[in-house]
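Okay, structure first, notes after.
Any value given below was found using the heavy atoms of this structure, including those in side chains, with hydrogens, waters and symmetry copies removed. Here, residue 1 is the first one in the sequence, and each next residue gets the next number.
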Amino acid sequence: MSELRMVARTPGPALRPYVTDLVAYREEYLEPRARTEYPFPGAVLIIGLAAPMHVGGVPYTSFTGGLSDRASGTLISGAAEGVEVRLSPLGARRLFGVPMGELTNVILPAEDLLGPWFRTAAARLAETGSWELRLELAERMLTAHLHERPELGPQVPWAWAQLLGSAGGVSIASLAESLGWSHRHLVARFHDEIGLTPKTAARMIRFSSALRLLRAGLPPALVAAEAGFYDQAHLNRDFRAFAGAPPGVVAASFTAVPQPV
């Protein structure tokens, strides 16, 4: 059997500022399946319940980390099953309780960051057979645990929302001015709560928009215009930086996979 099956759940209002997607999945292939995972403006928590997944050549059953500014490789060689939690950067900062700058481009076992709570959560999810009930349980546990963690100040969440709302187009100088901060202070706070500088975060958001358009089948020239790049050369530079390849090569690498239901 060779398949990838997914069921998605949109988080409720209490969790939505911190978690963008919850997906229950199972994948198994006749031969080992390698994939390139491209960076996006968030962090991933994988709660694995079956065979491990290799990330960068290292096997993990469950893993997480901070934001990344580069592509990474994964390999599935057994029946992998679990729950994928896509965290906003601020959700990851609150959930993990450590400066996000320490986790940039880092992958590590989820238990190392989340300790006893994670062990309990993984055990309870493994006991739940229905995917829909598994996602509902994951949402309840994440909501309860996140709201036990210290709150973040409002300034960086506001600045992050401005970057997202403008698709990375807002001026970094204007963000600092609006907050009454120096550029250096803004960079320091972003490094703590996001894990990237404001400039890199803006580029990441723009790259993510371009990647989504490219997956939808738009040609690179149109993607550059729609995603807010100066020209196609600008698009090519950012794709080489974040994806390790020009947009045409990335587009050719996409394969049809089942979509979450």
Side-chain angles (χ1 to χ4, degrees), residues 19-21 23 34-46 55-56 64-74 84-93 100-101 103-107 156-175 183 186-187 189-191 193-257 259-260:
V19 173
T20 59
D21 295 286
V23 178
R35 276 198 299 264
T36 299
E37 305 290 349
Y38 298 107
F40 74 103
V44 171
L45 166 62
I46 295 292
V55 184
T64 190
L67 273 67
S68 175
D69 61 6
R70 64 193 68 162
S72 61
T74 61
E84 176 181 332
V85 182
R86 285 207 163 199
L87 297 155
S88 71
L90 301 162
R93 176 65 176 88
M100 291 301 290
L103 299 176
T104 304
N105 293 319
V106 170
I107 296 293
V156 174
W158 176 85
W160 179 252
Q162 304 310 302
L163 284 175
L164 286 178
S166 66
V170 68
S171 160
I172 306 304
S174 71
L175 291 178
H183 180 267
L186 179 64
V187 169
R189 290 292 298 272
F190 256 67
H191 191 254
E193 297 188 26
I194 305 295
L196 304 172
T197 67
K199 182 178 179 180
T200 302
R203 291 175 60 213
M204 168 73 68
I205 291 168
R206 191 166 52 233
F207 164 78
S208 187
S209 296
L211 193 65
R212 186 167 55 251
L213 294 170
L214 202 64
R215 284 186 185 276
L218 272 67
L222 187 54
V223 168
E226 291 288 330
F229 291 85
Y230 298 126
D231 52 28
Q232 192 165 341
H234 184 202
L235 176 76
N236 290 344
R237 285 195 300 273
D238 272 12
F239 263 73
R240 288 186 182 278
F242 290 120
V249 173
V250 172
S253 72
F254 293 148
T255 57
V257 297
Q259 295 301 306

To check you understand the geometry: which heavy-atom pair defines the closest contact between [X] and [Y], and what is its length?
X    : Y    : result
A71  : A243 : CB-O, 3.8 Å
T104 : G195 : OG1-O, 2.7 Å
P247 : L214 : O-CD2, 3.3 Å
T64  : V44  : OG1-O, 2.8 Å

T200: side chain to side chain donor-acceptor pair (under 3.5 Å) partners, not counting sequence neighbours: T197
Under the side chain to side chain donor-acceptor pair (under 3.5 Å) test, residues paired with D238 that sit two or more places apart: R203
Verdict with reasoning, V55 to T74, per side-chain contact (heavy atoms from CB on, under 4.5 Å): CA-CA 5 Å; V55 184; T74 61; 4.2 Å; yes
Given 3.5 Å as the limit, does a donor-acceptor pair link the side chain of [X] with the main chain of [Y], or not?
X    : Y    : value
S72  : G56  : no
N105 : D69  : yes
T36  : G73  : no
H234 : Y230 : yes
T20  : R86  : yes

Which value, rounded to the nearest 0.5 Å, describes the distance between [X] atom [atom1] and [Y] atom [atom2]?
X    : Y    : atom1 : atom2 : result
R240 : L235 : CZ    : CG    : 11.0 Å
L196 : L67  : CG    : CG    : 5.0 Å
I46  : E84  : CD1   : CD    : 4.0 Å
Q232 : L222 : CD    : CG    : 10.5 Å
F242 : F40  : CZ    : CZ    : 13.5 Å
E193 : R93  : CD    : CZ    : 6.5 Å

Non-hydrogen side-chain atoms of L186 and V156 separated by less than 4.5 Å: no
Side-chain touch V19/L45, heavy atoms, less than 4.5 angstrom: no
Intermediate values then yes/no, side-chain contact (heavy atoms from CB on, under 4.5 Å), W158 and L175: CA-CA 9 Å; W158 176 85; L175 291 178; 3.9 Å; yes
List the atom pairs, donor and acceptor, that lie under 3.5 Å between side-chain atoms in residues 204-212 and the rest of the protein, sequence neighbours left out.
residue: S209; atom: OG; partner: I205; partner atom: O; Å: 3.2

Criterion side-chain contact (heavy atoms from CB on, under 4.5 Å) on Y38 and S68, from CA distance to verdict: CA-CA 9 Å; Y38 298 107; S68 175; over 6 Å; no
Aromatic plane relationship, W160 with F190 - under 30° parallel, 30 to 60° tilted, over 60° perpendicular: tilted
